[in-house]
There are 2 protein chains.
Amino acid sequence: MASDHTRTALLAAAERLYADRGFGDVTLRDIVAEASVNLAAVNYHFGSKDELIAELFVTRSIATNRERLRELKAAEEQGGGRASIEVILHALVGPTLRGCLGPENQRSTAARFMIRASIESVPPIRRIKNREIDHLRKFAGAMRRALPDRSDVDIYWGLNFALAMAHHTIRESERLTKLSEGKCDLDDVEDVVARVVSVATMALTAGRTEAKAPSKVAAR
Amino acid sequence: MASDHTRTALLAAAERLYADRGFGDVTLRDIVAEASVNLAAVNYHFGSKDELIAELFVTRSIATNRERLRELKAAEEQGGGRASIEVILHALVGPTLRGCLGPENQRSTAARFMIRASIESVPPIRRIKNREIDHLRKFAGAMRRALPDRSDVDIYWGLNFALAMAHHTIRESERLTKLSEGKCDLDDVEDVVARVVSVATMALTAGRTEAKAPSKVAAR
DNA sequence: GATAGTTTCATACAAGTGTTTGAATTGCAA
DNA sequence: TTGCAATTCAAACACTTGTATGAAACTATC
């Protein structure tokens with residue numbers, strides 16, 4: 001139907017506004033003005049404001065998760081059912097980082113929206129994030145297969161730390177840039193991905209109980 | 001004078017409510033009801049709702065930061081001006097983790113408040129967090145002294161990742177528990193601290209030269 | 001071209017928000 | 001006690017919010 005027009009316009013307008021100004025101070029009236037439609041349209045097409053936000057976030061999440069699984073599947077098939085831990089971690093954090101970082105002026109609306117979503121945490125989005133666990137379990141499974149000697153506990157901590165580094169870097173990218181006076185280049189996305197993967201790999205492969213002695217002094 | 005009573009009651013009540021229900025749905029009327037004072041008291045004593053939140057957060061932040069610096073100073077003095085990187089990282093993430101994790105039923109109101117603050121990110125708090133950079137620079141300095149061979153970029157990335165792991169673990173502690181089906185014990189705070197410090201230390205000390213070749217990882 | 005079903009629109013609604021006001025009350029000093 | 005400032009209080013204010021309504025304008029089907 002061509003009558004999706006209003007729906008689509010609303011989604012686009014909302015995403016744009018949320019990306020620019022955050023969830024906190026964007027009202028329904030702002031959205032319908034940006035989309036040049038009537039105030040009642042949101043409730044007619046989505047039921048409520050929260051459902052509009054949810055649909056927006058779900059769409060983007062599904063895209064990211066699909067990308068993640070695509071990378072994971074490809075890697076596992078190529079490795080005959082077992083991928084290396086680096087590649088798994090790469091599939092886990094790559095899509096998110098690639099989607100949210102990169103030169104600011106060429107960052108897509110979708111990317112900026114997802115950054116907001118990771119910073120602000122509004123109820124409808126939180127509800128959806130809680131359902132992400134099944135998705136993460138797939139990665140935990142792959143990681144277990146890649147590191148069969150590792151305990152479950154270590155796997156989960158590694159997974160947690162990998163996500164931590166990726167998400168925190170996105171959330172606080174501005175602060176890191178300021179803190180490092182521009183020395184940390186967040187526009188070089190592949191370098192960021194490589195750093196996160198590298199550290200997470202170390203976390204997962206190094207002996208950790210006796211981690212008191214890192215010893216392996218590798219000077220540059 | 002003893003007439004601080006209303007002020008104090010307001011601070012305590014607000015902290016309790018925010019800790020329990022988050023910033024999103026606690027109104028001034030909730031707060032004054034909890035504190036058994038008049039609605040106008042907030043504006044009389046604090047000027048505005050935001051300033052009340054800010055005062056709450058500043059107080060707690062100062063406490064944490066002081067604790068961090070205390071640990072750092074002690075370590076540096078003991079090491080004759082240069083502390084080991086592990087100890088520095090310990091001073092950086094220890095106080096926060098210790099303040100926010102631990103058995104839920106014995107978690108202080110202050111702790112639960114700070115967790116909320118790290119999850120929800122409301123304007124007055126965001127403003128304050130942005131001023132935290134000077135504080136972090138002190139740690140960057142100490143880390144540089146501990147690892148004189150390391151480039152500034154690496155130092156900042158290590159700092160970033162250390163904070164990432166600590167904060168993300170706090171923010172998503174519930175999800176990690178659920179994901180790991182309780183196998184990751186977040187009540188054992190010192191173990192969490194040790195894990196974070198260990199991984200961050202590896203990130204800062206291991207050779208990372210291969211990190212510049214992402215294609216190698218991707219093409220595997 | 002009439003009819004039934006969608007979609008749009010202006011408008012109103014109900015509820016909740018932080019803040020202000022000005023009078024009442026309190027506490028303290030002279 | 002009197003006087004004066006600091007504090008408390010009930011009430012109202014001024015807005016903003018998301019949502020609901022019912023009529024009007026479309027669109028497609030017969």
Side-chain angles (χ1 to χ4, degrees), chain A residues 1-58 113 116-117 120-128, chain B residues 1-58 113 116-117 120-128:
Chain A
M1 293 268 203
S3 57
D4 286 356
H5 169 259
T6 302
R7 241 188 93 90
T8 324
L10 275 172
L11 286 170
E15 187 168 54
R16 222 173 310 143
L17 289 177
Y18 286 139
D20 285 344
R21 321 209 309 244
F23 297 96
D25 50 304
V26 171
T27 74
L28 273 192
R29 284 166 177 81
D30 293 332
I31 296 173
V32 297
E34 176 84 4
S36 304
V37 303
N38 186 270
L39 174 60
V42 171
N43 287 276
Y44 179 78
H45 285 282
F46 298 92
S48 72
K49 187 195 190 188
D50 277 8
E51 289 176 78
L52 168 69
I53 296 180
E55 175 155 339
L56 225 34
F57 184 71
V58 165
F113 171 80
R116 285 290 183 186
E120 281 197 35
S121 170
V122 57
I125 289 184
R126 218 167 357 212
R127 276 194 289 273
I128 294 162
Chain B
M1 275 336 250
S3 57
D4 287 356
H5 169 259
T6 301
R7 242 188 94 90
T8 323
L10 275 171
L11 286 169
E15 187 168 52
R16 221 174 310 144
L17 289 177
Y18 286 138
D20 285 344
R21 321 207 312 242
F23 297 97
D25 49 306
V26 171
T27 73
L28 272 193
R29 285 166 176 80
D30 293 333
I31 296 173
V32 298
E34 176 84 4
S36 304
V37 303
N38 186 270
L39 175 59
V42 171
N43 288 275
Y44 179 78
H45 285 281
F46 298 92
S48 73
K49 187 195 190 188
D50 277 8
E51 289 176 78
L52 167 69
I53 296 180
E55 175 155 340
L56 225 34
F57 184 71
V58 165
F113 171 81
R116 285 289 182 188
E120 281 196 37
S121 170
V122 58
I125 289 184
R126 220 168 355 216
R127 276 193 289 274
I128 294 162

Handout entry: Whole angstrom value for the distance that separates C1' of D/dC26 from OH of A/Y44
Key = 11 Å
Exercise for the section: Figure out the NZ/P separation between B/K49 and C/dT19, and round it to whole Å. Expected result: 8 Å
Exercise for the section: Ignoring the backbone of A/N38, work out which of D/dA20, C/dC9, C/dT19 is nearest its side chain. Expected result: C/dC9
Practice task
Mark yes or no for a side-chain to base donor-acceptor pair under 3.5 Å between A/R29 and D/dG18, with no hydrogen or angle criteria applied.
Solution key: yes
Practice task
Using salt bridge (Lys or Arg N to Asp or Glu O under 4.0 Å) as the criterion, point out the one residue from B/R21, B/K49, B/R16 that pairs with B/D30.
Solution key: B/R21
Practice task
By nearest nucleotide on DNA chain D, pick out whichever of A/T27 and A/G47 is the more 5' one.
Solution key: A/T27
Problem - N/O (side chain, B/H45) to phosphate O (OP1/OP2, D/dT8) under 4.0 Å - result: yes
Problem - Student check: side-chain heavy atoms of B/E55 and B/R7 closer than 4.5 Å - result: yes
Practice task
To the nearest Å, give me how far apart CG (A/L39) and P (C/dA14) are.
Solution key: 17 Å
Completion exercise
CG of B/L10 to CG of B/D4, rounded to nearest 0.5 Å, is 11.5 Å
Handout entry: For the student: nearest non-hydrogen atoms of A/V42 and A/S48, plus distance
Key = CG1-O, 4.2 Å
Handout entry: Euclidean distance, atom CD of residue B/E51 to atom P of C/dT19 [Å, nearest integer]
Key = 9 Å
Completion exercise
Picking from D/dT19, C/dT19, C/dT8, the nucleotide nearest the side-chain atoms of A/T6 would be C/dT8
Exercise for the section: Please report, rounded to the nearest Å, how far the P atom of C/dA15 is from the CG atom of A/L28. Expected result: 19 Å
Handout entry: Length of the line joining A/N43:CG and C/dC9:P, which is rounded to integer Å
Key = 15 Å
Practice task
Starting at atom CD1 of A/I31, determine the distance to atom C1' of D/dT19, rounded to an integer number of angstrom.
Solution key: 14 Å
Fill in the blank from the handout: Rounded to whole Å, the NE2-P distance (A/H5 to D/dC26) equals 15 Å
